[in-house]
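Notes follow the structure.
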Number of protein chains: 2
Amino acid sequence: MHKEHTLTKNQRIIFDLIDKSPEPLKAYSILFNVQKKGIKAPPQVYRALDKLVEMGKIHKIESRNAFIACHNSSCQVAKATAFSICEICEKVTEISSASLSKYLANFKDKDGMKYSKYNLEFFGLCKKCNTR
Amino acid sequence: MHKEHTLTKNQRIIFDLIDKSPEPLKAYSILFNVQKKGIKAPPQVYRALDKLVEMGKIHKIESRNAFIACHNSSCQVAKATAFSICEICEKVTEISSASLSKYLANFKDKDGMKYSKYNLEFFGLCKKCNTR
DNA sequence: TTACATAGTGTTATATTATAACAATTTAAA
DNA sequence: TTTAAATTGTTATAATATAACACTATGTAA
């Protein structure tokens with residue numbers, strides 16, 4: 001459950017844009033799209049993005065420097081995220097698999113260390129691109 | 001098994017630097033360090049980095065925009081990588097776990113899609129930082 | 001060997017992504 | 001209601017990465 005009501009003006013504007021987008025958005029494309037709403041400079045965008053990521057409302061796709069709205073109630077406040085990325089059409093989908101998150105949350109490295117936070121990006125071809 | 005012998009001059013210089021480094025190196029820090037060896041401009045660095053990544057000799061730590069030498073014979077030519085990253089000291093360690101790589105290589109998403117390539121970054125505290 | 005393709009190099013310029021720094025304003029809580 | 005914390009607006013600049021083009025080296029196949 002997210003607490004939508006706590007978003008500030010800029011956060012709201014930027015979240016709505018990302019949430020409506022079918023694909024991940026890059027910071028400067030966001031900037032371009034919200035200039036008519038009074039958000040004029042990069043720091044305004046990056047600050048909102050930082051907060052939204054912190055809240056778990058959006059995620060950063062690290063390999064693409066792009067942002068996508070969270071569509072997965074099980075990624076606890078941006079701590080544990082997994083995505084599939086199509087290398088042809090660049091479609092990004094958030095993976096919500098209880099088995100995967102359980103496996104990764106319990107994964108221990110050689111020293112027995114556990115890591116509560118992770119980001120996983122799978123690459124391949126999406127269904128569409130795979131059959132073309 | 002890597003084929004060391006196929007590295008070109010610039011690739012060799014840059015790989016050696018990364019390989020000797022105890023921590024991931026950023027592109028411009030690499031550039032600074034190899035200028036005395038005649039590599040003077042960003043494209044020369046990025047081209048070598050691209051090839052080395054392609055070969056699986058180094059990996060890019062996406063969340064840090066930094067490069068680390070491969071220390072894991074099981075990450076097949078850069079296709080399947082996993083790292084742990086300490087959020088305090090920024091120490092990065094390549095994870096080589098047969099169980100993990102097997103699990104991820106066999107992971108199927110909701111549509112039954114398999115992804116042969118992935119990058120996983122775990123975040124937390126390393127042993128040292130955890131006990132301080 | 002020659003010639004051809006492919007890969008790598010050197011270089012300049014520029015595009016893209018992100019943050020520093022500081023003043024002003026809003027918000028929430030004591 | 002006044003104070004602290006968070007948010008905003010703004011300018012400038014830092015950090016990361018690629019485009020484009022001329023040139024050189026390397027491998028290969030006729």
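Heavy atoms only: backbone and side chains are in, while hydrogens, waters and symmetry mates are out. Note on naming: letters A, B, ... go to the chains in the order of the sequence lines (proteins, then strands), and numbering restarts at 1 for each one.
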### Query
Should the pair B:Phe122 and A:Tyr115 be assigned to parallel (<30°), tilted (30 to 60°) or perpendicular (>60°) ring geometry?
tilted

### Query
Between the side chains of B:Ser99 and A:Tyr103, is a donor N or O closer than 3.5 angstrom to an acceptor N or O?
yes

### Task
Let me see the working for A:Ile95 and A:Thr81 under side-chain contact (heavy atoms from CB on, under 4.5 Å), right down to the final yes or no.
CA-CA 8 Å; A:Ile95 293 172; A:Thr81 53; over 6 Å; no

### Query
Can a side chain N or O of B:Lys51 be found less than 4.0 Å away from OP1 or OP2 on C:dT9?
no

Output one line per pair: protein atom, nucleotide atom from nucleotides 8-11 of chain D, and distance, for all N/O pairs under 3.5 Å.
residue : atom : partner : partner atom : Å
D:dT8   : OP1  : A:Thr8  : OG1          : 2.8
D:dT8   : OP1  : A:Asn10 : N            : 3.1
D:dG9   : OP1  : A:Lys9  : NZ           : 3.4
D:dG9   : OP2  : A:Asn10 : ND2          : 3.0
D:dG9   : OP2  : A:Gln44 : NE2          : 2.5
D:dG9   : O5'  : A:Gln44 : NE2          : 3.2
D:dG9   : N7   : A:Arg47 : NH2          : 2.5
D:dG9   : O6   : A:Arg47 : NH1          : 2.9

### Whole-Å gap separating C1' (C:dA15) and CG (A:Leu31)
15 Å

### Query
Taking OP1 and OP2 of C:dA15, is either one under 4.0 Å from a side-chain nitrogen or oxygen of A:Lys26?
no

### Task
May I have the distance from A:Ile30 (atom CD1) to C:dA18 (atom C1'), rounded to whole angstrom?
13 Å

### Query
Does B:Ile58 share a hydrophobic cluster with B:Tyr28, counting links as ILVMFWY side-chain heavy atoms below 4.5 Å and allowing steps through other members?
yes

### Distance in angstrom units between A:Lys60 NZ and D:dT16 P, rounded
11 Å

#### Entry: B:Asn65 vs D:dA17: side-chain N/O to OP1/OP2 distance below 4.0 Å
yes

### Query
So, is B:Tyr28 close to the D:dT16 phosphate, meaning a side-chain N or O under 4.0 Å from OP1 or OP2?
no

